[in-house]
Peer 1: 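I'd like to ask some things about the structure below.
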Amino acid sequence: MSNKSLKLWRTFKEGWQNLKRNGWLSFATVSILTLSLFIVSLSALLGITTSLILENIKEKVSVNVSFNPDVSETRILEIQSELSKYTKEISSVQYISKEKALDEFLAKNNPVIAQAIQEIGENPLLPSLNIKAVDPVKYPLIVEQLKNSTFQNDINRINYEENRRIFERLEKINVATKKAGMAIGLTFIFIAILITFNTIRITIYSHRAEFEIMRLVGASNLYVRTPFIFEGILYGVFASITTMLLLFGIAYYIAPLTQDAIPQGNFLNLYLGNFHWIFLSLLVLGSTLGVISSAIAIRRYLKI
Amino acid sequence: MSENTNAIIRFEGVTKGFPHNPTVLENINVSIMPGEFVSLIGSSGAGKSTFLKLIYAEETPTMGEIYFNERALSVINRKHLPYYRRNIGTVFQDFKLLPQKTASENVAYALEVDGISTEEINDQVPEILAIVGLGDKADKFPHQLSGGEQQRVALARALITRPKIIIADEPTGNLDPRSTEEIIQLLLEINSYGTTVLLATHNKHVVDKIGKRVIVLSDGIITSDEQVGKYKDSAVSEKTVKTF
């Protein structure tokens, strides 16, 4: 082993030994760092989930265009193929015939209403096209186009107004949650950095008398400092692992609440599907926080 | 004295002051030869500790120059200070052991920082601990050891790098008479193998018993320097003498 790698290995062992022999202080530091990482990652994950839920709701919304009873099926199908050409705006156009609409209506409503309709003996529903936009923002434009189209006289009704109110509300909620999530997340990240920094500074403060001894015995500043850098990394590693466990617990418990609300199925799937990304980010964030705090704190006591 | 070129330590017109005390040491000219055993005495505040700190470069002189093996300390780059310090073994009144490390780890640390191989360390540390009589306490932490034992660990740590000179600042100040006797015996033994020893102390019995060179510091100047010296009451205030 070369001199440099021998010293690197020794300083790593020093850092590990510090961590072990300062049991309580290390435990407290890792706990604080875990708390910070947990809060930050939880606010990030909840923000992502909320936004996914809203996206998912928007996905399910569509514009329904009903045609007058005298419009033939051939004509409607023509219109359908015409609309399908606007692939930039429209993602799908589905034809729902009178009969299909009735079947769906009967399946959805209670037997009394179903019976009443059968009493009439005639299908009162209209054939329609169900249009889904590529981007929900495009709906007003699509509706406007339909109203001014060549087949505007064939159209009986566009049930967009009620949907529009839902869109607008969802959009507002989405923007608000993103803003609030960002603000809360940033605040917590800031607090987390301050707390972690202070905790590590206290840990190093408790060692300050030793720095003088180490230097007297002939240790270079680098040799004194490196163990604390490693200690900072180790804090980050342990805190990340603990945070992953805590997040798993949270994900497991709120999974039923988010069932089918997001494209991933539920919150647990979202967590498991992105396990390596979340873990990697936490490792980087945690050890960076640990190392930077250690480096700044030690500079203060390692004068020469 | 300034033309003496074989000295291990040489002070040439050294003055050291601090903002609150401009002349802790004033125009000190003194040489210490390799293999000497020198006792440095003087009352508290006479400048003994500053004298020693100047040698291991914890302080720098306000004026004058200090030479180690005829190399001026002022030219040593601050970055290279740790390497210079490996030439000097230091022992203090408060032992200065690392509290989180066992006796053998404390001793080994001095070799580890120098990049000495692990095999050599595992070889040398038990040996030196046996020499200072702590072979059976290698795995004890400082707080599990008595004052005398802790000082012997510190001495073992100072010796393990085979320094040219041992600087002992009041090493027996916190010890009972029996431990004091043991530490002084060890220092004399180390000196008999050729290592220079510079001992700062208050202890009259210790100085009188050693019967070697004694330098007396008083108010920042050397008032006496005898090849076979005795403790001088006049050099030390009454109050200090009573303590011992």
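Residue numbers start from 1 in every chain, and the chains themselves are labelled A, B, ... in the order their sequence lines are given, proteins ahead of strands.
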Peer 1: Does anything in residues 136-167 of chain B reach chain A? List residues with heavy atoms under 4.5 Å apart, or say none.
Peer 2: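 When heavy atoms of chain A are the reference, residues 136-167 of chain B contributes B:Phe141, B:Arg157 within the under-4.5 Å range.
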
Peer 1: B:Ser74: which residues meet the side chain to side chain donor-acceptor pair (under 3.5 Å) condition with it, sequence neighbours left out?
Peer 2: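 By the side chain to side chain donor-acceptor pair (under 3.5 Å) rule, B:Ser74 matches B:Glu65.
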
Peer 1: B:Phe92 versus chain A, heavy atoms under 4.5 Å apart: side chain, backbone, both or neither?
Peer 2: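 For B:Phe92, the contact with chain A is made by the side chain alone.
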
Peer 1: State whether the number of non-hydrogen atoms from other residues, nucleotides or ligands found under 6.0 Å of A:Tyr253 atom OH is greater than 12.
Peer 2: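 No.
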
Peer 1: Apply the side chain to side chain contact (heavy atoms under 4.5 Å, CB included) test between B:Glu112 and each candidate in A:Lys13, A:Glu14, A:Lys7; give the one that qualifies.
Peer 2: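 So, applying the side chain to side chain contact (heavy atoms under 4.5 Å, CB included) to B:Glu112 and each of A:Lys13, A:Glu14, A:Lys7, only A:Glu14 qualifies.
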
Peer 1: Using only atom types and a distance under 3.5 Å, with no angle test, would you say the side chain of B:Arg85 pairs donor to acceptor with the backbone of A:Gly218?
Peer 2: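 No.
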
Peer 1: Quick check on B:Lys79 against chain A: is it the side chain, the backbone, both or neither that has a heavy atom closer than 4.5 Å?
Peer 2: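 Contact with chain A: none, neither part.
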
Peer 1: Which atoms of A:Arg21 are under 4.5 Å from chain B, going by heavy atoms: the side chain, the backbone, both sets, or neither?
Peer 2: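 It is both, since atoms from each part get that close.
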
Peer 1: Select, from B:Thr90, B:Leu97, B:Ile116, the one with the greatest count of heavy-atom pairs under 4.5 Å involving chain A.
Peer 2: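 Among B:Thr90, B:Leu97, B:Ile116, the one with the most close pairs to chain A is B:Ile116.
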
Peer 1: Most heavy-atom pairs under 4.5 angstrom with chain B, which of A:Glu210, A:Arg10, A:His207, A:Glu212?
Peer 2: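 The residue among A:Glu210, A:Arg10, A:His207, A:Glu212 with the greatest pair count is A:Arg10.
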
Peer 1: Between B:Asn87 and chain A, which part of the residue has a heavy atom less than 4.5 Å away: side chain, backbone, both or neither?
Peer 2: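 Contact with chain A involves no heavy atom of B:Asn87 at all.
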
Peer 1: Run the numbers on A:Asn22 and B:Gln100 for side-chain hydrogen bond (donor to acceptor under 3.5 Å, both in side chains), then give the verdict.
Peer 2: CA-CA 8 Å; A:Asn22 289 304; B:Gln100 305 280 347; 2.9 Å; yes

